[in-house]
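In each ligand, atom 1 is the first atom listed, and ligand 1 is the first ligand listed. As a basis for the values below, the full set of heavy atoms in this structure was taken, side chains included, without hydrogen atoms, waters or symmetry mates.
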Amino acid sequence: MQTALLETRLGSLSPTARGKVRDIYSLNEEELLFVATDRISAFDHVLGSGIPDKGRILTQLSLFWFDFLKDTVRNHVLTADAAKFPSTLNPYLDQLEGRSMVVRRAQMFPVECVVRAYLSGSGWKDYQATGAVCGIALPAGLRESDRLPEPIFTPAAKINTGGHDENISFEDVITAVGADNARALRRLTLEIFEKASKHAESRGLILADTKFEFGTIDGEIILADEVLTPDSSRYWPADAYSPGGPQPSFDKQYVRDYLESIRWNKQAPAPSLPDEVVARTREKYLEAFRLITGRTGL
Ligand SMILES: N#Cc1c(N)ncnc1-c1cnn(CCN2CCOCC2)c1
């Protein structure tokens with residue numbers, strides 16, 4: 001079993017932000033280093049085991065999508081070629097190769113630009129409670145995982161320091177970023193989603209929803225963060241789609257099923273995963289990569 005990289009150690013360089021699965025380092029005033037580790041989270045907890053190559057696979061997926069979308073929106077990537085990284089990183093290239101990118105520092109919008117074409121997750125919860133999602137009223141009688149009449153912009157923001165995102169209204173986005181930027185973020189989010197979901201469909205996948213993050217560089221809105229990865233999106237196998245309940249997660253179902261099989265108490269420390277679950281989950285990430293990119297190798 002290959003070893004998973006759970007955290008990077010870059011000598012005197014310490015991360016400016018450690019997310020659940022990614023570490024962000026400040027290289028200088030203009031550049032950041034984004035590193036995707038092999039950590040995996042489920043039910044909002046980072047698990048004790050990593051998935052070997054997960055970070056590489058998701059980084060290569062983001063790079064595929066940034067290139068796929070380059071005629072629609074500029075992005076923050078400067079290079080993902082480790083040979084072009086600042087020489088100060090040379091001692092750490094074994095940790096970084098394939099799973100990291102140097103990006104332009106942007107003025108980030110404090111909004112998670114979520115778009116949903118299907119009713120799932122927090123969107124389903126909000127719909128059950130109010131008949132709407134982010135203030136957008138939906139037809140009555142929809143079932144969990146039903147396809148929506150059209151994709152909807154359902155932004156979220158980190159309301160409290162707890163780090164959990166909460167769904168917010170378009171008016172809240174206007175308050176946060178101004179009306180012009182709010183309209184631009186909504187338009188870009190829906191336009192990118194349209195292109196990406198058509199591509200996913202052509203590869204046998206339903207892109208149920210996804211989350212984009214945007215910023216500005218020299219006054220221009222750019223696409224940042226990770227893009228259309230299984231961590232930032234819900235991908236469902238189209239041939240198994242069955243509305244009326246939760247759909248199997250393309251990448252995390254083995255993990256979720258295992259955690260439910262051991263009746264894990266989510267207040268307890270996150271457990272490690274059996275080798276079989278790790279191996280099968282790694283295969284699912286590779287399968288997503290192969291389906292989406294049409295490539296066989298990383
Ligand atoms: N990508 C990127 C990027 C960039 N290119 N320049 C400056 N900062 C970032 C950055 C820093 N953290 N995150 C993820 C976390 N989000 C931040 C926004 O608010 C929501 C959470 C992105």
Within this structure, what is the CD1-CG distance for the pair Ile174 and Asn181, rounded to the nearest 0.5 Å?
11.0 Å

Decide, yes or no, whether a salt bridge links Arg290 with Glu287 under the criterion of side-chain N to carboxylate O below 4.0 Å.
no

Let me know which protein residues bring a heavy atom to under 4.0 Å of ligand 1; chain then number is fine for ordering.
Ile24, Leu32, Phe34, His76, Val103, Arg104, Arg105, Ala106, Met108, Phe109, Glu112, Glu213, Ala224, Asp225

side-chain contact (heavy atoms from CB on, under 4.5 Å) involving Glu276 - partner list, sequence neighbours excluded
Arg280

Pairs meeting criterion ring-ring contact (aromatic ring centres under 6.0 Å, His included) with involvement of residues 173-207, two or more places apart
Phe64-His199, Trp65-His199, Phe68-His199

Under the side-chain contact (heavy atoms from CB on, under 4.5 Å) test, residues paired with Gln107 that sit two or more places apart
Thr216

Over-ring placement of Arg186 relative to Phe170, 6.0 Å and 45° cut-offs
yes

